[in-house]
Amino acid sequence: MNKHLLSAGDLSAADITRVLDTAGHLAAVTDRAIKKVPTLRGRTVCNLFFEDSTRTRISFELAAKRLSADVINFSAKGSSVSKGESLKDTAITLEAMGVDAIVIRHGASGAPVRLANWVKAHVINAGDGTHEHPTQALLDLYTMREHFPSFEGLRVAIVGDVLHSRVARSNVLALRTMGAEVTLVAPPTLLPARVDTWGVATSYDLDAVLAKQDVVMVLRIQLERQQDSYFPSVREYARLYGLDARRLETMAPHAIVMHPGPMNRGVEIAAEVADSIERSVIASQVTNGINVRMALLYLLLGGPDIRSAQAQAALATSEVPA
């Protein structure tokens, strides 16, 4: 793997498989009474978040702590950033403190790339503007692999606000790398310019594509990023593109429903669909996010190859007090 994780497009099929395999082995830590191993003891991970987050920040914090790393949680609110400190100055400060890895979420697309040029630490992109969110894509692929034996030919529909979705961009890159067939479903106003160069199919009609899909990933309508009106009303959007119980019945019996969260219940997804025990894997995505982020920190910060018998034995027997 590369030194940093800035884009899902930087990962080869072998890289993705290695992360998913490592996450599978590390998942056993979550089932222990003491959910901790000493693998990254003495290492320091900084969560550098310039945007609000619940799932991603807590997931990275738990992942680092379960590997026994020290964790610094940095929030722009209440920090020197509110006094005018620049990202570069913040990066220089963290570098001087000797952090080993920086997990960054920023409202500006490209911020993780700039950060990687200023620090020696490993940089992990936890979401930058409307650009990418590679760790979300990896945990989504991990969740899909729990239900399907191969990505080759897997049919995945990504439905909703693709224009503003960094999750959609990263998933398209990762899924295409692994050989899946991706269809983007949205009104024309919520599809990016030059989407024809993405190597995916597109559709404006959700009902026309649902029955053919193995996975349906529903995206949140990101009203906070929308400066203009992209559809007449939320009610009309829900009627045309919302995944409700009626549409769920038209899907193949084996198909699963995913959502990166947070959800707008009653808009892009109905409550009965989100809470469906048989079809929804949204809760599993949250759990798997911890395992995948543990795997990334493990691999980037120099953990031994998990595929070796020695590494597996060490993880199986090592525990430290919580």
Side-chain angles (χ1 to χ4, degrees), residues 7-9 11 13 16 130-134 136-222 230-231 236-261 263-264 267-270 273-274 276 279-282 285:
S7 166
L11 299 171
I16 293 173
T130 58
H131 179 226
E132 278 208 54
H133 194 350
Q136 180 69 43
L138 288 168
L139 74 88
D140 289 340
L141 265 65
Y142 183 94
T143 305
M144 293 178 203
R145 198 174 72 163
E146 290 184 321
H147 295 268
F148 302 100
S150 173
F151 290 106
E152 196 67 39
L154 187 70
R155 294 166 296 183
V156 181
I158 302 177
V159 184
D161 188 0
V162 179
L163 178 63
H164 301 97
S165 177
R166 50 197 176 200
V167 173
R169 286 167 172 77
S170 290
N171 265 287
V172 166
L173 289 169
L175 287 167
R176 288 192 62 223
T177 297
M178 299 303 288
E181 300 174 6
V182 182
T183 301
L184 303 178
V185 185
T189 52
L190 288 178
L191 287 174
R194 301 191 64 192
V195 71
D196 56 305
T197 64
W198 286 26
V200 299
T202 58
S203 175
Y204 308 141
D205 187 347
L206 176 59
D207 295 310
V209 304
L210 273 182
K212 307 171 187 177
Q213 306 304 315
D214 302 305
V215 179
V216 177
M217 182 181 298
V218 187
L219 302 174
R220 180 175 64 89
I221 294 298
Q222 300 189 38
Y230 290 89
F231 43 84
E236 179 171 315
Y237 179 88
R239 181 173 62 84
L240 295 175
Y241 295 97
L243 188 59
D244 55 20
R246 177 184 62 82
R247 288 193 166 110
L248 185 67
E249 292 178 357
T250 68
M251 292 168 54
H254 66 274
I256 60 173
V257 174
M258 305 180 72
H259 194 303
M263 294 180 285
N264 292 317
V267 181
E268 72 267 6
I269 189 168
V273 177
S276 172
R279 298 299 191 91
S280 173
V281 295
I282 297 171
Q285 288 175 266

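The basis for the numbers below is simple: all heavy atoms, side chains too, and nothing from hydrogens, waters or symmetry mates.
- In this structure, CD1 on Ile269 lies 6.0 Å from CE on Met263, to the nearest 0.5 angstrom.
- Put simply, the side chain of Val172 reaches to within 4.5 Å of the side chain of Leu184, judged on heavy atoms.
- Looking at residues two or more places apart in sequence or on another chain, you find a side chain to side chain contact (heavy atoms under 4.5 Å, CB included) between Arg279 and Leu248, Met251, Ala255, Val257, Ser276.
- In terms of heavy-atom proximity, Met178 sits nearest to Leu141 at CG-CD2, 3.8 Å.
- Within the 4.5 Å cutoff, no side-chain heavy atoms of Lys212 are placed close to those of Thr183.
- For Arg155, the salt bridge (Lys or Arg N to Asp or Glu O under 4.0 Å) partners two or more places apart in sequence, or in a different chain, are Asp214.
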Step-by-step side-chain contact (heavy atoms from CB on, under 4.5 Å) determination, Thr250 to Asp207: CA-CA 8 Å; Thr250 68; Asp207 295 310; 5.6 Å; no
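- For the salt bridge (Lys or Arg N to Asp or Glu O under 4.0 Å) condition, no pair includes a residue of residues 180-200, sequence neighbours left out.
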Verdict with reasoning, Trp198 to Arg176, per side-chain contact (heavy atoms from CB on, under 4.5 Å): CA-CA 9 Å; Trp198 286 26; Arg176 288 192 62 223; 5.8 Å; no
Test side-chain contact (heavy atoms from CB on, under 4.5 Å) applied to Phe151 and Thr177, step by step: CA-CA 9 Å; Phe151 290 106; Thr177 297; over 6 Å; no
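- Taking CD1 of Ile158 as the reference point, atom CE of Met258 lies at 9.5 Å (rounded to 0.5 Å).
- With sequence neighbours left out, Ser170 forms a side chain to side chain donor-acceptor pair (under 3.5 Å) with Glu132.
- Scanning all heavy atoms of the two residues, the minimum distance from Asn264 to Arg220 falls at ND2-CG, 3.1 Å.
- You'll find the side chain of Leu190 stays beyond 4.5 Å of the side chain of Val162, heavy atoms only.
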Sequence neighbours excluded and cut-off under 3.5 Å, please list the side-chain donor-acceptor pairs for residues 237-245, or say none.
| unit_1 | atom_1 | unit_2 | atom_2 | d |
| --- | --- | --- | --- | --- |
| Tyr241 | OH | Tyr204 | O | 2.6 |
| Asp244 | OD1 | Arg246 | N | 3.4 |
| Asp244 | OD1 | Arg247 | N | 3.0 |

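- When all heavy atoms of Ser165 and Asp161 are compared, the closest pair comes out as CB-O, 3.2 Å.
- Applying the side-chain hydrogen bond (donor to acceptor under 3.5 Å, both in side chains) test to every pair with at least one member in residues 137-146, sequence neighbours left out, gives these pairs: Asp21-Arg145, Gln136-Asp140, Asp140-Asn171, Asp140-Gln285, Thr143-Asn288, Glu146-Asn288.
- Of all non-hydrogen atoms in Ile221 and Glu268, the two that sit nearest each other are N-OE1, 3.8 Å.
- Minimum heavy-atom separation, Ser7 to Leu173: OG-CD1, 4.0 Å.
- Contact detail for Gly160 and Ala186: the closest heavy-atom pair is O-CB, 3.1 Å.
- The closest side-chain heavy-atom distance from Val200 to Leu175 is not below 4.5 Å.
- Rounded to the nearest 0.5 angstrom, Leu11 CG and Leu138 CG are separated by 6.0 Å.
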Full working for side-chain contact (heavy atoms from CB on, under 4.5 Å) between Met144 and Val156: CA-CA 10 Å; Met144 293 178 203; Val156 181; 4.2 Å; yes
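- Within the 4.5 Å cutoff, the side chain of Pro260 has heavy atoms near those of the Leu219 side chain.
- Every residue two or more places apart in sequence or in another chain that forms a side chain to side chain contact (heavy atoms under 4.5 Å, CB included) with Ala208 is listed here: Asp205.
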